[in-house]
Every structure is written in structure tokens, then in C-alpha cells.
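A short write-up of the structure that comes next.
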Amino acid sequence: MPAFDYTAMDKDGVTVSGAIQSADRDGAMAQIESAGMVVVALTESQSPATGDPRFSIFRSRITVPSRDVTSLISDLADLLEAQLRLDAAIELIIRDIGLGRVQPMLNDILASLRGGDGFADALAKHPTAFDAIEIEMIRLAETDGSLPSTLRQILINRERRQKTADQVSGALRYPMFLLLGATLVVIFFLLHVIPQFEFVIADAGGTEALGLVFSISQAVRANSDAILIGLLIVLVGGWILSTLPQGRSLFRAIVMRLPLVSDVVRSFRCSKLCYLISQTQEAGVGLPAALKLIGPAVDGPFENRISTLAVDGLRQGRKLADVLEEFADLPALALRMIRIGEESSQLAALTGRAAAIYEAKAERRLTTLVGIVGPATLIFISFVIGGTVVLIMNALLSVNEAVFL
């Protein structure tokens, strides 16, 4: 995401300088203005962080696991609540607590703080560890002195996301293991079992189904090198795509159209969007600036319906529920709760409740989906392997009967 160097004047008339990350110049100005400051100058930064995100796989940066960053935020919130200064808290974590792979990043953040940067600006230099919404919340918290409580909010959000990721990976682990086992068993049959019977049964003839099995086995054996190379290309290509924003956006669009799976993904998406709205409103982020950040966080960095079109609608005076109904593809219940929250000035509370409802709904649907995929995989492998064995045994019995006759 591009970075912008700015000079602005706060409400007390004090000139403030710093850096901010945003998708474009208008978004950067909106973020600065939402913090109650007047922009004096704004230029795009020429630092390495402004590189094109599409080629982030080739950029050199400190990569820190998400769990380690979550642990860092938890420790930092504890120390700040104990009335330690920010730089002293970070120095204490580096010296006495230590978080392994977080250490180089912490050293860089501490150096930035001692060089005069704000905490949000120091974190913005590590976009793979801290997302734009977290940085914006911290930026606002620095101005009103609520950094410890804001870090607690960020910690809760990260723990929720980690819990969801663990639930999804745990639910998919068993079906994926079954699919992998079924694939390996089928390949073993085609390469080593079927050829043992092919010469015995071929001369005696057989059914069309058995002939099809022999043909598939012959094709796999004859093109095994090409198939192996193709699989490697697919695996490597898939891994590269998964590291690029375009690849993740493409995968997300495909999953959103799959039957059964799309319902789970849409429910998780709605939960995440509602929770981010709730979190940013509790932190005091203006709605236009919040949606500008929430759109890419929910649908990927190239999303523009929420981050651009919905934001334009808000600036034209439209209600949040109306623009989200048009541009965010949210369920009717979530939109109804957002509308009531706007009318009753309880937007943060009701969007948080909507997030909890759709998170629970997504978990139930995920459990149901896994309950279908597991038995379906067992039926598939039983049908393929068992059907092949039955065909071969019938053919062998036919050969035996012909010999004894």
C-alpha cells in the first residue's frame, strides 16, 4: 500500500509531521482529517514501503508470524497499563521477555520511536505484521491517550481472527486428509495393482468398465512424468498465487461461487465486516475513513466497491446501511441491525452483535459442511476402489470358469 508523508495542523494549532499508509491520496487526506487535523502538505513517500504490493513476494522485509505479533500486543498492553512509557515497555520486552522472531522488528520500531516517529508511523513500516486498520486505531489512540485500551481492542480482534482460522483449519484437516489418502490409494491401484491383472484378463476379454480402468491405468503409466511435472507446476503456481494479492482475490472470488462453501464464506465475511465497523467506531475512526480501510481488509487490496463507492455515498450524505446494502452484499438481518444502530446511536454495539450472530452461523454451517464432506469422501473412495476390485474379481472368475469348462 502506498505511503504518504504529511504535514498537518492539529486542533491546538501545533504542526505535526509524519507518514501514513493509504490506497490513494484522497484516502490519506481523509484519514488525517478524521483525526481532527488540517492538512498542510501531503506528498507520496519515496521509501521502499511504497513499492507495488502486487510484487510483495519479491520485496525484502521482516516477516513475523501472526501469533508472535499477537503475543507482542498482549505484553505491550500489559506493560502500558502498568504505566510504563512506550519506549521503556518495548525495551523491556526486548531485554527481558523476548519474542524470538519479533526481536528484529521490535528493534526497528524502538529505533523509529527514538528517532522522533510516532508509534503508528513506526508500525506502518511493517505492513505484513500490522494491518492498516490497526495502525489507524493506534494513530487515533496516540492523540487521545487511550493506547492501552486500543491495544486491548486490537488484541481481542486478533484473537477472534486466530480462533476463526483455527476452527476452519481444524474442520478442514480431516476431510483434506481423507481426500489425500483417497488420491494416493487410487494412484497406487492404477500404477501397481491394475497392471498385475491386466495381462491375465486382457486375453479373456472383460466388461467395458474394466476396459476403461485398464485404459486409465495405461495412460497414467505412459504419462507419469508429464503428470508429475504438471502437478509440481500447479503446486508451485498455487503457492506463488497465494502470496500475491491478485491470487488471493481470485481464490476468494472462486470460493464465493462454490455451492455450500459460499454460505460459510459469506457468513464469515459478514461477521468480519460488522466486527471491524464496531471496532473502528469504538476507537473513534470516522465512517468514511473506516470503510476505506475495511474494504481491503475484508475483500482484498483491489476491492473498490466498499472502499470507494460506499465511501463516496457516505460523503454525499447517504446512510451507512443504504450504501452497504448497495455495495457490500450483506444479509438482510445485518443491514437491519446496522440501520437500527444508526438511528439509535448504538452502531458499535449493534454491529458487534451482528458480527457475533453471523460468526456463530458460519461455525454451524462449517460443522454441517464437514459432516457432509467426510462421509462423501469415504463413499467416493469405497466406490472407486471397491468397484475396481469387484470388476477384477468378476473377470478372474470368468477366466477360471472358462478354463475348467
Side-chain angles (χ1 to χ4, degrees), residues 10-12 22 26-27 29-38 77 120 131-161 267-299 305-362:
D10 65 15
K11 60 184 178 181
D12 297 324
S22 180
D26 291 339
M29 291 189 67
Q31 292 183 46
I32 297 171
E33 291 171 354
S34 68
M37 297 186 290
V38 178
D131 59 42
I133 293 179
E134 294 171 346
I135 292 171
E136 181 63 20
M137 291 174 62
I138 290 172
R139 194 183 306 280
L140 291 175
E142 286 185 283
T143 63
D144 59 19
S146 60
L147 187 56
S149 61
T150 298
L151 289 177
R152 284 294 175 196
Q153 290 183 348
I154 293 174
L155 178 62
I156 292 172
N157 184 35
R158 280 182 167 266
E159 289 175 342
R160 285 171 62 100
R161 287 188 308 189
S267 295
F268 274 123
R269 175 183 178 274
C270 178
S271 173
K272 183 177 182 180
L273 192 151
C274 289
Y275 189 77
L276 289 176
I277 292 175
S278 174
Q279 188 180 39
T280 52
Q281 292 311 291
E282 289 179 355
V285 182
L287 272 177
L291 288 189
K292 196 83 174 179
L293 300 172
I294 288 172
V298 172
D299 292 328
R305 286 175 58 82
I306 298 176
S307 61
T308 301
L309 301 179
V311 171
D312 291 342
L314 287 178
R315 289 174 176 167
Q316 293 168 8
R318 299 177 62 188
K319 296 290 187 180
L320 175 63
D322 294 333
V323 297
L324 291 181
E325 182 177 10
E326 182 175 356
F327 300 114
D329 189 27
L330 290 181
L333 176 60
L335 291 171
R336 178 62 176 165
M337 296 182 72
I338 292 172
R339 197 178 306 276
I340 295 174
E342 283 187 287
E343 295 172 354
S344 62
S345 299
Q346 295 182 340
L347 183 60
L350 287 179
T351 50
R353 180 58 183 158
I357 290 173
Y358 279 93
E359 183 178 27
K361 183 178 181 180

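By convention here, the first residue in the shown sequence is residue 1. Note that the coordinates shown come from a computational prediction; the quantities given were computed from them, not determined experimentally.
- Under the 4.5 Å side-chain criterion, counting only non-hydrogen atoms from C-beta, Asn157 is not in contact with Ile133.
- In the displayed structure, Arg353 atom CZ is contacted under 6.0 Å by at most 12 heavy atoms of other residues, nucleotides or ligands.
- Put simply, the side chain of Lys272 gets close to the backbone of Ala297: a donor and an acceptor are under 3.5 Å apart.
- For Ile306 against Phe327, the heavy-atom pair with the smallest separation is CG1-O, 4.0 Å.
- Shortest non-hydrogen contact noted between Gln281 and Gly286 is NE2-C, 4.4 Å.
- Residues Thr280 and Leu293 form no side-chain contact, since every pair of their non-hydrogen atoms from C-beta on lies 4.5 Å or further apart.
- Taking OG of Ser267 as the reference point, atom CD of Glu359 lies at 11.0 Å (rounded to 0.5 Å).
- To the nearest 0.5 Å, atoms CG (Leu155) and OG (Ser149) are separated by 12.5 Å.
- Within the 4.5 Å cutoff, side-chain heavy atoms of Arg269 are placed close to those of Asp299.
- Although no hydrogens or angles enter the test, the distance criterion places no donor-acceptor pair under 3.5 Å between the side chain of Glu136 and the main chain of Val285.
- Going from atom CG of Leu324 over to atom SG of Cys270 covers 9.5 Å, rounded to the nearest 0.5 Å.
- Atoms CD1 and OG, on Ile340 and Ser345 in that order, are 13.0 Å from each other to the nearest 0.5 Å.
- Taking CE from Met137 and CG from Leu276, the interatomic distance works out to 9.0 Å, rounded to the nearest 0.5 Å.
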- Task: Apply side-chain contact (heavy atoms from CB on, under 4.5 Å) to the pair Arg339 and Asp322, showing each step before the final yes or no.
- Result: CA-CA 8 Å; Arg339 197 178 306 276; Asp322 294 333; 2.8 Å; yes
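- Other residues, nucleotides and ligands contribute more than 12 heavy atoms inside 6.0 Å of the CZ atom of Arg318.
- Contact detail for Leu291 and Ala310: the closest heavy-atom pair is CD1-CB, 4.1 Å.
- Here the closest heavy-atom approach between residue Glu134 and residue Arg161 is recorded as OE2-NH2, 3.3 Å.
- Across every non-hydrogen atom of Ala141 and Thr150, the tightest pair is CB-OG1, 3.2 Å.
- Residues Glu326 and Val323 have side chains not in contact (no heavy-atom distance under 4.5 Å, counting atoms from C-beta outward).
- Proximity of Ile357 to Cys274: side-chain heavy atoms (C-beta onward) are nowhere separated by under 4.5 Å.
- Of the options Arg158, Arg160, Gln153, a side chain to side chain contact (heavy atoms under 4.5 Å, CB included) to Ile156 is made by Arg160 and by none of the others.
- Using a 4.5 Å heavy-atom cutoff, the side chains of Ile338 and Thr351 are in contact.
- In this structure a side-chain-to-backbone donor-acceptor pair under 3.5 Å is present from Glu142 to Ala120.
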- Any chance you could lay out the side-chain contact (heavy atoms from CB on, under 4.5 Å) test for Leu287 and Leu320, step after step, and finish with the verdict? CA-CA 8 Å; Leu287 272 177; Leu320 175 63; 3.9 Å; yes
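- Not one N or O on the side chain of Ser307 forms a donor-acceptor pair closer than 3.5 Å with the backbone of Lys292.
- Using a 4.5 Å cut-off on side-chain heavy atoms (C-beta onward), Asp329 and Arg305 make no contact.
- At least one side-chain heavy atom of Pro331 sits less than 4.5 Å from a side-chain heavy atom of Tyr358.
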